[in-house]
Amino acid sequence: MWKQLVSDYLGYTKKERNGILVLLSLIILFLLLPYCYPYLINRKKYDYREFEKSIASLETIDKDSGNGFEKRTGKNYYPSSQKDYPRTSSKGELFYFDPNTATIADWKRLGLRDKTIATIQNYLSKGGKFYKKEDIGKIWGLHQDEVDRLMPYVQIQSTGKTVYSPEKEYEKKEYKKPTYSSTIIDINSADTAAFIALPGIGSKLSQRIINFRDKLGGFYKVEQIGETFGLPDSTFQKIKISFKIATTDIRKININTASVDEMKSHPYIRYALANAIAQYRTQHGKYNTVADIKKIMTVTNEVFDKLAPYLAVD
């Protein structure tokens, strides 16, 4: 019985045995393939001799005395200031000279090289000037020992240019405290010029104040200017002593006849309040007094006190 069970569950047909052998062969092949890979590729042999020659050539030091460049082992090529190179003492003749008027012959007598002379002439031809004797130290190509040798013999005549001195400039300028208008102005009739004359008020702020006044219909108290958009409270506190209200002619809105659009155009009346005033008027009839709007739930004492000067029932 056991032999029969083993034969039924562990026995394989001929096709199954062949399939197993093929799978085992493929597995072995893929496992061995990485070891065979180097033998399947035709590697090109690289000749390192040329590379070694290139490295050897870079290790040599090659100095070019004509242009001031130097090659060094393992470093980038870079130009170095010609003033740093050692040089033999010049055989030029020393005499007093003005670098702004010296000729090519004068520079050659002083012992300068042609390339340095060309640099100086190019600088002068483009409008450059030497304003003090130390300026010759800025000449490109002029070595430090040459600068030290020529400096005592430099005599520069006046170039007509005043050398800027921060100390003298500071002494000339005297601080002047800005003066502002101390006149008391009527905020309901003042123009932009009157507001601009106040400290901290520019053209934009002055125009905003006037625009706000026009939309309101006039100011009934000075503190309303502090509500102007963009006006800092610190600035308002400084200038409010310059304000007064001499003109009390305020434009008013008749709440018995004004439409919703007319009322909401006022800065203190929003659409919800304007609509509520109009709806209450439609439902209960005309207002007998301005105080009747306090019967509207949204109109608080604060809102009424702020708005009442701009309302009328006539």
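- Atom CZ of R270 has 12 or fewer heavy atoms from other residues, nucleotides or ligands within 6.0 Å.
- Looking at Q121, its side chain never comes within 3.5 Å of a backbone N or O of A118 through a donor-acceptor pair.
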Next on the checklist: For a side chain to side chain contact (heavy atoms under 4.5 Å, CB included) check, start with the C-alpha distance between H143 and R113, then their side-chain angles and the critical distance, and finish with the verdict.
Outcome noted: CA-CA 11 Å; H143 298 272; R113 297 177 301 280; 3.3 Å; yes

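- Evaluation of the side-chain hydrogen bond (donor to acceptor under 3.5 Å, both in side chains) rule for K204 yields no partner, not counting sequence neighbours.
- In plain terms, the two heavy atoms of G226 and F236 that are nearest each other are N-CE1, 3.6 Å.
- Side-chain contact between L273 and L307 is present, with at least one heavy-atom pair separated by less than 4.5 Å.
- The two atoms that bring I136 and L142 nearest to each other are O-CD2, 3.4 Å, heavy atoms only.
- No donor-acceptor distance shorter than 3.5 angstrom exists from the side chain of D98 to the backbone of I156, with no hydrogens or angles considered.
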Item to check | CA sep, side-chain torsions, deciding dist, call: F95, D106, side chain to side chain contact (heavy atoms under 4.5 Å, CB included) | outcome: CA-CA 9 Å; F95 57 90; D106 292 335; 4.1 Å; yes

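- Counting all heavy atoms, side chain and backbone alike, A258 lies closest to I253 at CB-CG2, 3.6 Å.
- With ring centers used as reference points, Y280 lies under 6.0 Å from Y287.
- Heavy-atom neighbours of D305 CG from other residues, nucleotides or ligands within 6.0 Å: above the threshold of 12.
- A donor-acceptor contact shorter than 3.5 Å is absent between the side chain of R109 and the backbone of I104.
- One N or O on the side chain of N188 and one on the backbone of F219 form a donor-acceptor pair closer than 3.5 Å.
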Next on the checklist: Using side chain to side chain donor-acceptor pair (under 3.5 Å), reason through N122 and T119 one step at a time and then give a plain yes or no.
Outcome noted: CA-CA 5 Å; N122 184 48; T119 301; over 6 Å; no

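- Rounding to the nearest 0.5 Å gives a distance of 14.5 Å between CG of N301 and NZ of K306.
- No side-chain heavy atom of L112 sits under 4.5 Å from any side-chain heavy atom of I139.
- Atom NZ in K286 sits 10.5 Å away from atom CG in N288 (nearest 0.5 Å).
- No more than 12 heavy-atom neighbours from other residues, nucleotides or ligands sit within 6.0 angstrom of OH on Y35.
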Checklist entry - How far apart are the C-alpha atoms of D148 and Q144, what are their side-chain angles, what is the distance that settles it, and do they pass the side chain to side chain contact (heavy atoms under 4.5 Å, CB included) test? => result CA-CA 6 Å; D148 297 337; Q144 187 59 46; 3.1 Å; yes

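- The number of heavy atoms from other shown groups lying within 6.0 Å of CG (L94) is above 12.
- Taken from CD1 in I117 to NZ in K108, the straight-line distance is 6.0 Å, to the nearest 0.5 Å.
- At least one test fails for R251 against the ring of Y310: distance under 6.0 Å to the centre or angle within 45° of the axis.
- When the side chains of ILVMFWY residues are joined at heavy-atom separations under 4.5 Å, either directly or via intervening members, I209 and I241 end up in two distinct hydrophobic clusters.
- Applying side chain to side chain contact (heavy atoms under 4.5 Å, CB included) to F195 and the options D191, T192, L198 leaves one that passes, L198.
- Distance check: D261 CG to N275 CG gives 10.5 Å after rounding to the nearest 0.5 Å.
- Distance alone, capped at 3.5 Å, places no donor-acceptor pair between the D214 side chain and the N211 backbone.
- L21 and I28 are assigned to two separate hydrophobic clusters, defined by single-linkage of ILVMFWY side chains at heavy-atom distances under 4.5 Å.
- R149 contributes a side-chain N or O that, together with a main-chain N or O of L110, makes up a donor-acceptor pair within less than 3.5 Å.
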Next on the checklist: Go through it in stages, so that I can follow the logic: the residues are F243 and I225, the test is side chain to side chain contact (heavy atoms under 4.5 Å, CB included), and I'd like the CA-CA distance, side-chain angles, deciding distance and then a yes or no.
Outcome noted: CA-CA 10 Å; F243 296 146; I225 290 185; 3.7 Å; yes

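- Partners of F212 by ring pair (Phe, Tyr, Trp, His ring centres under 6.0 Å), not counting sequence neighbours: none found.
- With contacts defined as side-chain heavy-atom distances shorter than 4.5 Å, the pair L216/H266 qualifies.
- Following chains of ILVMFWY side-chain contacts shorter than 4.5 Å, one cannot reach M297 starting from V290, and the two form parts of different hydrophobic clusters.
- Not one N or O on the side chain of N18 forms a donor-acceptor pair closer than 3.5 Å with the backbone of K15.
- In terms of heavy atoms, V313 sits closest to N256 at O-ND2, 3.0 Å.
- Minimum interatomic distance between W107 and A102 (heavy atoms only, all atoms of both residues): NE1-O, 3.6 Å.
- The distance from the CZ atom of R281 to the OG1 atom of T257 is 7.0 Å, given to the nearest 0.5 Å.
- By the side chain to side chain contact (heavy atoms under 4.5 Å, CB included) test, K221 is found to be paired with E223, Q224, residues two or more places apart in sequence or in another chain being considered.
- Under a cut-off of 6.0 angstrom, the local environment of CD in Q237 is crowded, with over 12 non-hydrogen atoms contributed by other residues, nucleotides or ligands.
- Transitive grouping of hydrophobic side chains (ILVMFWY, heavy atoms separated by less than 4.5 Å) brings Y153 and M151 into a common cluster.
- Residues G230 and P232 come closest through the heavy atom pair O-CD, 3.2 Å.
- Between atom NZ of residue K244 and atom OG1 of residue T183 there is a gap of 9.5 Å, rounded to the nearest 0.5 Å.
- Judged by the 6.0 Å and 45° rule, K294 forms a cation-pi pair with F304.
- Taking the side chain as every heavy atom from C-beta outward, P99 and I120 never approach each other to under 4.5 Å.
- Proximity of a side-chain donor or acceptor of T228 to a complementary backbone N or O of L231 within less than 3.5 Å is not detected.
- Residues L33 and L29 are members of separate hydrophobic clusters, defined by side-chain heavy-atom contacts under 4.5 angstrom among Ile, Leu, Val, Met, Phe, Trp and Tyr.
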